[in-house]
Amino acid sequence: MEYDFRKIEKEWQAQWKKNGAYRVKNDFSKPKCYVLDMFPYPSGAGLHVGHPLGYIASDIYSRYKRLKGFNVLHPMGYDAFGLPAEQYAIEHGVHPAKSTVQNIDTFRKQLDNIGFCYDWDREVRTCEPGYYKWTQWIFLQLFNSFFNRATRKAEPIAELAAEFEKNGNAGHACPGDASISFTAEQWKAYTEKEKQDILMNYRLAFCGYGEVNWCEALGTVLANDEVVNGVSERGGHPVVKKKLRQWYLRITEYADRLLEGLETIEFSEAMKEMQTNWIGKSYGAEIDFVIVSRESSGVSEELTTHHSPLTVYTTRPDTIFGVDFMVIAPEHELIESITTPVQKPAVEEYITYVKSRSDRERQAEKKISGCFTGAYAVNPFNGKQIPIWISEYVLAGYGTGAIMGVPCGDERDHKFARHFNIPITNIIGQHYNGVDANPTKDAQLENSEFLNGVVMRDAIGIVNAKLEEMGIGKKKVNYKMRDAAFSRQRYWGEPFPIQWKNGVAVPLNETELPLLLPEVDSYSPGPEGEGPLANIPAWVAKELETNTMPGYAGSSWYFLRYMDPHNTETFCDRTLSDYWNQVDLYIGGTEHAVGHLLYSRLWTKVLFDLGHIGFDEPFRKLLNQGMIQGSSRFVYRVLWQGIFKPDFDLSKLPTIFVSAGLLKGNKINIEDVGIENTVKTQLNQILHKYALDGFRNIEDITVAALHVDVNFVNGIRLDINAFKNWRTEYQNSEFIYEGGPVGNPLKLEPGKKMDNPWVFDCGIEVEKMSKSKFNTVNPDDLVEKFGADTFRMYEMFLGPVDQSKPWDTKGIEGVHRFLKKLWRLFFDEVKGKVWTEEKATTEELKVLHRTIRKIGEDTERFSFNTAVSAFMICVNELSDLKCHKREILEPLVIMVTSYAPHISEALWKALGNENSVLDAVFPEYEEKYTVESSKEYPVSINGKVRTNINIALDATAEQVQEITLANELVQKWMEGKALKKFIFVKGKMINVVI
RNA sequence: GCCCUGGUGGUGGAACUGGUAGACACGCAGGACUUAAAAUCCUGUUCGCCGCAACGCGAGUGCGGGUUCAAUUCCCGCCUGGGGCACCA
């Protein structure tokens with residue numbers, strides 16, 4: 001009986017489906033385990049081999065936990081709103097809902113192929129009204145709440161309004177605009193609109209103005225990755241910054257809670273670091289500088305003082321005497337009033353330049369640019385006049401949009417000063433070498449008047465105290481994180497449950513939800529950069545918000561909906577969220593480090609604060625899956641330009657490709673005489689075939705690399721026929737081969753057979769897996785060829801799940817062989833059943849229990865690749881022992897279940913079990929079977945292993961030393977020298993130092 | 001530019017807390033079975049050197065230094081691949 005994986009997998013998938021084997025009950029009597037994958041965006045390209053990496057890992061873990069007796073929630077769904085579907089709609093006129101459903105169907109088929117244990121009854125789709133009703137509902141919770149800084153949590157905005165009635169806002173500084181301050185009486189006197197405008201500055205979901213990438217030619221707002229070098233990716237039209245009304249989430253109020261929460265969850269240190277850096281909490285000071293302009297009247301200089309000071313934010317007030325210039329952001333509001341007439345044209349020109357630049361470009365730019373405003377800031381301590389510059393590297397959104405330039409202490413400031421010949425003041429003496437800035441805090445200050453001799457670290461406090469005393473500065477905690485933009489000028493997203501009445505945002509009643517996304521005739525943008533909804537007269541007539549929510553809205557809370565997916569009364573019943581609680585294991589890519597993961601943490605905290613759920617961190621443990629990259633293959637086409645005599649008719653030429661091994665860069669490798677001759681010979685043959693003449697010189701040949709579909713390539717060897725049939729224009733192409741029979745002038749590579757045939761090889765490059773690069777591999781093909789079990793184990797065998805690696809199918813056969821070998825422990829091709837009921841030997845039990853321990857440990861620590869090899873070792877050893885005993889094989893099958901469920905169920909049932917192996921009990925490891933009495937110790941002399949000595953494990957250190965030193969080989973290596981030190985690590989090694 | 005992360009044989013990778021570098025698998029080479037092929041099995045396989053052989057010598061985990069009896073693992077400096085940087089998801 002052979003291992004017929006196609007039959008087995010089909011049969012058991014059908015059975016499991018029929019029995020509802022993966023249906024999850026809310027069984028409160030069992031311990032729960034919640035294992036979640038980051039749900040996919042269902043793109044039109046379908047699933048490629050990169051997607052399932054994390055899904056397989058979570059599937060294995062889920063099944064393992066089930067065998068360990070847990071009630072496991074393991075759902076899947078779709079992040080179904082998004083830009084690509086809308087783009088597709090614009091281009092093809094297909095409604096996004098329609099293409100999305102089609103894409104979901106494709107995904108589902110592909111997922112089912114691999115045999116996942118998802119409970120599909122719990123599937124969610126963010127684009128369905130039954131789902132986004134609750135996304136809108138949570139938005140209203142955010143809209144109707146503020147962050148109470150005293151209690152450090154979200155509270156109803158109505159309570160805040162009541163508080164204003166009593167005490168004004170004395171106890172609640174305004175997060176949106178710190179200058180807002182009023183008494184109870186003033187509050188009562190405000191009009192309703194004034195009150196609402198003030199409350200808007202407190203709400204957790206609020207409306208404000210923000211800059212977007214505006215493309216006039218396309219009449220739309222562009223995503224950052226649609227903008228390349230200041231122009232639109234499509235069409236190359238200019239893109240500028242434009243201020244639009246936008247919704248935001250006041251995530252900045254939660255900065256500290258988000259930081260503190262990191263200590264309670266198991267994310268990788270790298271991930272925590274990324275989030276910490278993103279939040280970017282810093283302690284510093286805001287300092288006001290008086291601004292003056294010098295007006296030259298020819299004879300004397302007159303100083304004009306501006307009424308507004310320049311407020312800078314700095315983390316290093318101690319360097320105040322080292323400030324040689326100020327830099328303000330090109331968007332800074334003071335620019336207009338402080339720029340001198342002389343500098344005006346230059347400043348305006350510079351600002352125009354900056355407007356075309358993205359934040360990213362501005363920060364990444366190595367070339368220093370900037371422009372002097374003509375104004376000066378006055379150092380409050382010594383009256384020194386400091387020139388005020390504008391430069392793109394200062395962003396308006398961070399701090400006050402103005403910094404003090406301290407060239408001796410900051411590298412970027414240093415480069416700036418050098419570039420514009422601004423004299424550099426050295427305040428750290430020998431710590432500054434005149435070439436590079438030194439950001440130390442440990443130097444003693446010089447040239448710093450009252451701070452001279454003080455260590456910088458200590459000077460920070462002294463300066464702060466002095467500034468506060470003078471009333472021109474204060475300590476300030478700052479965050480790099482900005483409030484999260486929460487609206488898009490798009491169609492395919494959740495509509496906001498908001499109406500605009502006389503400029504006031506009025507939330508819809510909960511009973512009016514869901515506010516359905518209406519049908520539109522056209523998906524193109526509305527007037528003035530508004531979203532497509534602005535094109536619908538009925539929508540506009542109802543004064544409904546025309547923005548829609550961004551992609552991360554639906555994904556910020558979906559993990560809750562899986563617990564109670566069909567509830568129409570509430571987003572998730574509290575008893576269910578109390579039971580299922582946090583996600584115990586969340587698997588997904590690092591690319592979500594600061595987006596999705598931060599937003600869902602925020603939403604969870606708000607829902608917790610408002611009493612809707614009982615925990616304030618969504619994901620107890622996060623496992624990052626590495627990205628599977630594509631390994632692209634290239635063929636090299638000969639470019640003929642300039643190679644033939646001028647009168648030559650190029651149209652007669654066939655398309656010619658050159659094998660990769662014959663090339664050096666984009667030319668023929670003529671340094672190798674053998675290669676040169678091979679190419680010449682073949683080229684002449686081809687030209688002869690086409691009766692062509694007039695070729696000049698082989699050295700002039702250059703080639704162009706073209707992506708070739710990786711499915712036509714075995715390793716690097718091209719399947720010429722498949723390639724020719726790929727596209728009609730390649731049908732009659734010619735190939736210049738390498739390799740060739742003995743005696744040909746080409747040098748043979750080591751490892752190649754002597755009777756090598758001519759071959760054609762491709763070039764390789766690792767790139768992102770993408771349809772356009774022809775490097776995608778569809779899991780369906782592999783499942784068809786090798787089966788789902790093989791595919792699952794192979795993806796795991798590829799390497800650590802959290803590491804990125806290029807996809808390569810070679811090696812999958814090894815895993816397939818392993819499953820066949822496992823099968824042969826049970827069945828012989830001719831004899832049929834071969835398992836027996838004999839008693840297992842100690843040796844066999846040792847093999848089994850070593851495996852139990854290893855599989856348990858490795859699965860718990862997500863080291864799936866080593867678990868697979870442990871299975872291989874086990875099966876190899878059992879084969880060597882010719883062990884076919886049920887006592888050994890049955891526990892083994894249970895262990896294999898989480899990795900390769902289909903074959904396991906088939907073998908389990910073959911052994912005569914009635915129930916499903918999915919519900920078996922994971923075997924218990926017993927140490928008594930694996931204990932060893934002695935160990936083959938490696939013995940090093942001065943750190944180099946020279947021999948091995950078998951010593952009992954219970955030998956004392958003295959005994960070991962005695963045995964070791966008595967050893968003949970050890971004696972030889974010691975050459976009579978005296979023993980300096982004897983190192984013995986029990987169970988590990990011995991090192992003799994002489 | 002800034003933040004995070006990786007780099008080990010021909011290839012994917014293993015070595016979990018500083019303790020025998022290369023498990024397991026692919027590939028390759030040789031062999032067995034077979035009329036033949038497939039399938040399967042066996043042997044070898046980091047590189048270099050010596051050799052009849054060795055559990056013989058030397059080098060070796062991106063590069064250069066350091067700490068240690070001992071470094072893939074810890075520290076410093078560099079090179080280089082990947083991810084993110086706020087409207088892709």
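Chain identifiers are assigned alphabetically (A, B, ...) following the order of the sequence lines, protein sequences preceding nucleic acid strands; residue numbering begins at 1 within each chain. Just the heavy atoms: all of them, side chains too, but no hydrogens, waters or symmetry mates, feed the values below.
For A:Met627 and B:rC88, the CE to C1' distance is 12 Å, given to the nearest whole Å. Protein atom NE2 of A:His592 is 11 Å distant from nucleotide atom C1' of B:rG84, rounded to whole Å. Rounded to whole angstrom, the span from the CG atom of A:Asn950 across to the C1' atom of B:rC55 amounts to 14 Å. Rounded to whole Å, the distance from NE2 on A:His596 to C1' on B:rC85 is 18 Å. One atom, OH of A:Tyr599, and another, C1' of B:rC85, lie 11 Å apart when rounded to the nearest Å. Here the C1' atom of nucleotide B:rC88 and the CD atom of A:Gln489 are 16 Å apart, to the nearest Å. Atom pair A:Lys944:NZ and B:rU20:P shows a separation of 14 Å (rounding to whole Å applied). Following rounding to the nearest Å, A:Ile279 (CD1) and B:rC3 (P) show an atom-to-atom distance of 17 Å.
Comparing A:Ser487 and A:Pro938 along RNA chain B, the residue whose closest nucleotide (by nearest heavy atom) sits nearer the 5' end is A:Pro938. In terms of position on RNA chain B, the residue among A:Val815 and A:Lys935 whose nearest nucleotide sits closer to the 5' end is A:Lys935.
Base pairing annotation: B:rG58 forms a Watson-Crick or G-U wobble pair with B:rC47, both donor-acceptor distances under 3.5 Å. Using the Watson-Crick or G-U wobble rule with both distances under 3.5 Å, B:rA25 pairs with B:rU11. Under the Watson-Crick and G-U wobble criteria, each requiring two contacts below 3.5 Å, nucleotide B:rC41 is paired to B:rG31. With a 3.5 Å ceiling on both atom-pair distances, B:rA89 lacks any Watson-Crick or G-U wobble partner.
No contact: A:Trp823 has no heavy atom under 4.0 Å from any strand. At the heavy-atom level, A:Val212 lies under 4.0 Å from base atoms of the strands shown. No contact: A:Asp858 has no heavy atom under 4.0 Å from any strand. Using a 4.0 Å heavy-atom cutoff across all strands shown, A:Lys415 reaches no nucleic acid atom at all. Among the protein residues, A:Lys986 comes within range of no part of the nucleic acid, since none of its heavy atoms lies under 4.0 Å from any strand. Residue A:Gln629 is in sugar-phosphate contact alone, with no base atom involved, counting any heavy-atom pair closer than 4.0 Å across all strands shown. Across all strands, A:Thr866 comes closer than 4.0 Å only to sugar-phosphate atoms, never to a base (heavy-atom distances). In this structure, A:Met38 reaches neither bases nor backbone, as no heavy-atom distance under 4.0 Å exists between it and the strands shown. Base contact: A:Gln246 has a heavy atom under 4.0 Å from a base atom. The residue A:Gly551 sits apart from the nucleic acid: no heavy atom pair falls under 4.0 Å.
Among B:rA86, B:rC24, B:rC88, the nucleotide with an atom closest to any side-chain atom of A:Ala223 is B:rC88.
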Report, one pair per line, the protein and nucleotides 64-70 of chain B atoms (nitrogen or oxygen only) whose separation is under 3.5 Å.
{"residue": "B:rC69", "atom": "O2'", "partner": "A:Asn991", "partner atom": "ND2", "Å": "3.3"}
{"residue": "B:rC69", "atom": "O2", "partner": "A:Asn991", "partner atom": "ND2", "Å": "2.6"}

N/O-N/O pairs, protein side and nucleotides 39-42 of chain B side, under 3.5 Å:
{"residue": "B:rU40", "atom": "O3'", "partner": "A:Arg824", "partner atom": "NH2", "Å": "3.1"}
{"residue": "B:rC41", "atom": "OP1", "partner": "A:Arg824", "partner atom": "NH2", "Å": "3.1"}

Enumerate the protein-to-nucleotides 45-54 of chain B contacts in which both atoms are nitrogen or oxygen and the separation is below 3.5 Å.
none

Could you list, one pair per line, each protein nitrogen or oxygen that sits under 3.5 Å from a nitrogen or oxygen of nucleotides 4-13 of chain B, together with the distance?
{"residue": "B:rC4", "atom": "OP1", "partner": "A:Glu273", "partner atom": "OE2", "Å": "2.4"}
{"residue": "B:rG12", "atom": "O2'", "partner": "A:Leu798", "partner atom": "O", "Å": "2.5"}
{"residue": "B:rG13", "atom": "O5'", "partner": "A:Leu798", "partner atom": "O", "Å": "3.3"}
{"residue": "B:rG13", "atom": "O3'", "partner": "A:Asn865", "partner atom": "ND2", "Å": "3.3"}

Kindly give the atom pairs (protein nitrogen or oxygen, nucleotide nitrogen or oxygen) under 3.5 Å for nucleotides 73-77 of chain B.
none

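By the side-chain hydrogen bond (donor to acceptor under 3.5 Å, both in side chains) test, A:Glu86 pairs with no residue at all, sequence neighbours left out. A:Tyr398 is linked by a ring-ring contact (aromatic ring centres under 6.0 Å, His included) to nothing, counting only residues two or more places apart in sequence or in another chain. Among residues two or more places apart in sequence or in another chain, the ring-ring contact (aromatic ring centres under 6.0 Å, His included) test is passed with A:Phe107 by A:His51. The side-chain hydrogen bond (donor to acceptor under 3.5 Å, both in side chains) check on A:Tyr254 picks up A:Asp609, with sequence neighbours excluded. Applying the ring-ring contact (aromatic ring centres under 6.0 Å, His included) rule to A:Tyr558 yields the partners A:Phe39, A:Tyr562; only residues at least two apart in sequence or on another chain are considered.
Side-chain contact annotation: A:Tyr479 with A:Ser282, donor-acceptor N/O pair under 3.5 Å absent. Checked by atom type, the side-chain pair A:Asn950/A:Glu936 shows a donor-acceptor distance below 3.5 Å. Side-chain N/O atoms of A:Trp278 and A:Thr276 include no donor and acceptor closer than 3.5 Å.
Comparing the P positions of B:rC63 and B:rC57 gives a spacing of 25 Å, expressed to the nearest Å.
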**Q.** Trace of the side-chain hydrogen bond (donor to acceptor under 3.5 Å, both in side chains) decision for A:Asn547 with A:Gln489
**A.** CA-CA 5 Å; A:Asn547 283 321; A:Gln489 291 68 49; 2.9 Å; yes
**Q.** Worked verdict on A:Arg362 versus A:Glu331 for salt bridge (Lys or Arg N to Asp or Glu O under 4.0 Å)
**A.** CA-CA 13 Å; A:Arg362 284 170 57 174; A:Glu331 296 87 353; 2.7 Å; yes
Q: Go through A:Trp492 and A:Tyr41 one step at a time and tell me if the ring pair (Phe, Tyr, Trp, His ring centres under 6.0 Å) criterion holds.
A: CA-CA 13 Å; A:Trp492 192 230; A:Tyr41 174 79; 9.6 Å; no
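Each of A:Lys367, A:Arg357, A:Arg360 was scored for a salt bridge (Lys or Arg N to Asp or Glu O under 4.0 Å) with A:Glu392, with one residue passing: A:Arg357.
The side-chain heavy atoms of A:Tyr209 and A:Arg245, taken from C-beta on, include a pair separated by under 4.5 Å.
No more than 12 heavy atoms of other residues, nucleotides or ligands sit less than 6.0 Å from atom NZ of A:Lys785.
In this structure, CG on A:Leu53 lies 11.0 Å from CD on A:Gln803, to the nearest 0.5 angstrom.
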Validation: residues 980-991 of chain A side-chain donor-acceptor distances under 3.5 Å, sequence neighbours left out:
{"residue": "A:Lys986", "atom": "NZ", "partner": "A:Leu953", "partner atom": "O", "Å": "3.0"}
{"residue": "A:Asn991", "atom": "OD1", "partner": "A:Gly943", "partner atom": "N", "Å": "3.1"}

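For residues 867-877 of chain A, the set of pairs meeting the side-chain hydrogen bond (donor to acceptor under 3.5 Å, both in side chains) definition, not counting sequence neighbours, comprises A:Lys821-A:Asn876.
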